[in-house]
Amino acid sequence: MNLIRASNDVSLGVKSYGEYELFGQTLHITTTHISILIVLIVLFSFSIAANIAIKKADPNKVPGPFLNVIELLVESLDNLVVSNMGPKQAPKFANYVGTLAAFIFFSNISGLFGLRPPTADYGVTFPLAIITWVMIQYNGFKYQKFGKIKGLFEPIFLFFPINLIGEFATPISMSLRLFGNILSGTVMLALIYGLLPKVCTLIWPAALHAYLDVFSGAIQTFVFIMLTMVFIADAIGDEASA
C-alpha cells in the first residue's frame, strides 16, 4: 500500500548533522555542507584524473575519449572567455571563470545523485557573487582609477544615488537569480516526491530532473559566468577589448 499512497511529509532536504560552538555562536553542519564537500571531492578527483591523462598523453598518438573531452572543455571555455573579455585579458580570468563554472554546474546537477544542490542555499550563491563583485571593483579601480568614481556621477550628478545602488545591487541580483532558480526546482521536485503516490515517482520525475537539474542547471551556470565576464570586462574598460 505504501507504493500507491502519497507521503504526508514534504521535505526540502535541509537537515542538521551536528553542531558546534564558535565564538559563542552555535553553528550547524547541514546538508549543504555535506553536498559541497561531495561536489569538491568529485571536482578534485576529476582534476587529478585529467592531470594524469594529460601527463601520460603521447603527442604522436590519437588522444583517447577522456582526453578529447578535456580538450573540448578547455578549448570551449577559452574561446568563451576570449570572446567576452578579449585576448589580452582572457588568460588572467580563464582559470577563475572555469573554476566558477565547474563548481556551479556540478552543484546544480547534484540533485541527480540524490543530493540537495548547494546552490539552493543562499549562503552559497551570495559568497560566489561577492567574490565576483570584489573582482569587478578591484579591476575597475585598477584600470579606470579615478574614472571609476567619476562614472558614478554620469551622465549627471543627480544619477549618483541610482548608480551607487546599481553597484551594490550587482551581487544581490546575481546571487538571487541563481539561488531562486535552483531552489524553485528543488521545491518542485520535493513536492512531487512528497505528495504524489510513490508508484508515480518511479519513472515520471526523470523528465523533470532532466529539465530542472541538467538543462536549467546548465543555463544558470552559463548566465552566472557570462554576467561575471561582462561585468569584469566592463569594469576594465577599453583594456578588455585590446
Side-chain angles (χ1 to χ4, degrees), residues 35-36 38-113 115 117-119 124-125 127-129 131-136 138-140 142-143 170 174-175 177-178 181-182 185 209-242:
S35 297
I36 289 177
I38 295 175
V39 169
L40 291 179
I41 291 175
V42 170
L43 290 175
F44 187 69
S45 302
F46 179 81
S47 300
I48 294 177
N51 186 49
I52 294 175
I54 292 173
K55 288 183 176 179
K56 290 185 176 181
D58 188 344
N60 298 318
K61 295 182 179 180
V62 178
F66 182 63
L67 194 57
N68 278 326
V69 171
I70 296 174
E71 291 179 354
L72 177 63
L73 292 174
V74 173
E75 289 179 1
S76 299
L77 176 66
D78 287 342
N79 292 334
L80 181 64
V81 178
V82 169
S83 64
N84 285 278
M85 306 193 72
K88 182 178 179 180
Q89 300 296 330
K92 302 177 183 179
F93 298 97
N95 289 339
Y96 172 67
V97 174
T99 302
L100 193 64
F103 176 76
I104 294 177
F105 179 70
F106 276 92
S107 295
N108 291 349
I109 68 171
S110 61
L112 289 172
F113 308 99
L115 300 176
T119 41
V124 174
T125 61
L128 292 176
I131 295 173
T132 290
W133 183 78
V134 170
M135 295 184 69
I136 294 170
Y138 170 77
N139 285 281
K142 177 180 179 180
Y143 290 96
T170 297
M174 289 182 66
S175 58
R177 180 184 291 106
L178 177 60
N181 280 280
I182 303 304
H209 276 292
Y211 176 78
L212 296 174
D213 289 331
V214 180
F215 179 75
S216 180
I219 291 296
Q220 294 308 315
T221 301
F222 181 75
V223 169
F224 196 95
I225 64 171
M226 280 295 297
L227 290 175
T228 296
M229 291 185 290
V230 169
F231 284 142
I232 294 178
D234 183 64
I236 294 174
D238 295 335
E239 290 284 336
S241 58

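Just so you know, these numbers come straight off a predicted model, no measurement behind them.
Put simply, the side chain of Thr132 never gets that close to the backbone of Ala129: no donor and acceptor are under 3.5 Å apart. Asp234 places no side-chain N or O within donor-acceptor distance of the main-chain N or O of Val230, the cut-off being under 3.5 Å.
One distance of note links CD1 of Ile38 with CG of Leu115; it measures 4.5 Å at 0.5 Å rounding. Expressed to the nearest 0.5 Å, how far CD1 of Ile104 lies from CD of Gln220 amounts to 9.5 Å. Atom CE of Met135 sits about 14.5 Å away from atom CZ of Phe231, to the nearest 0.5 Å. The CG atom of Asn108 sits 3.5 Å away from the OG1 atom of Thr119 when rounded to the nearest 0.5 Å. Atom OH of Tyr138 and atom CD1 of Ile232 lie 12.0 Å apart (nearest 0.5 Å). Here the straight-line distance linking atom CD1 of Ile219 with atom CG of Leu178 works out to 13.0 Å at 0.5 Å rounding.
Within the 4.5 Å cutoff, the side chain of Tyr96 has heavy atoms near those of the Ile131 side chain. You'll find the side chain of Leu80 reaches within 4.5 Å of the side chain of Ile225, heavy atoms only. Residues Phe93 and Asn84 fail the side-chain proximity criterion, which asks for heavy atoms closer than 4.5 Å.
Nearest heavy atoms, Ala101 versus Thr221: O-CG2, 3.5 Å. In terms of heavy atoms, Ser175 sits closest to Thr125 at O-OG1, 3.3 Å. Taking each heavy atom of Val81 and Met229 in turn, the nearest pair found is CA-SD, 3.7 Å. In terms of heavy atoms, Asp213 sits closest to Gly111 at OD2-C, 3.8 Å. Closest of all the heavy-atom pairs between Pro117 and Ser110 is CA-OG, 3.3 Å. The shortest non-hydrogen separation linking Ala235 to Ile136 is CB-O, 3.4 Å.
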Quiz: residues 63-72 side-chain donor-acceptor pairs under 3.5 angstrom, not counting sequence neighbours:
residue : atom : partner : partner atom : Å
Asn68   : ND2  : Pro63   : O            : 3.4
Asn68   : ND2  : Gly64   : O            : 3.3

Identify every side-chain donor-acceptor pair in residues 43-56 under 3.5 Å, counting partners at least two apart or on other chains, and give the distances.
residue : atom : partner : partner atom : Å
Ser45   : OG   : Ile41   : O            : 2.8
Ser47   : OG   : Leu43   : O            : 2.8

Run the numbers on Leu227 and Arg177 for side-chain contact (heavy atoms from CB on, under 4.5 Å), then give the verdict.
CA-CA 11 Å; Leu227 290 175; Arg177 180 184 291 106; 3.2 Å; yes
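The side chain to side chain contact (heavy atoms under 4.5 Å, CB included) test with Met174 is passed by exactly one of Thr228, Val223, Leu128: Thr228.
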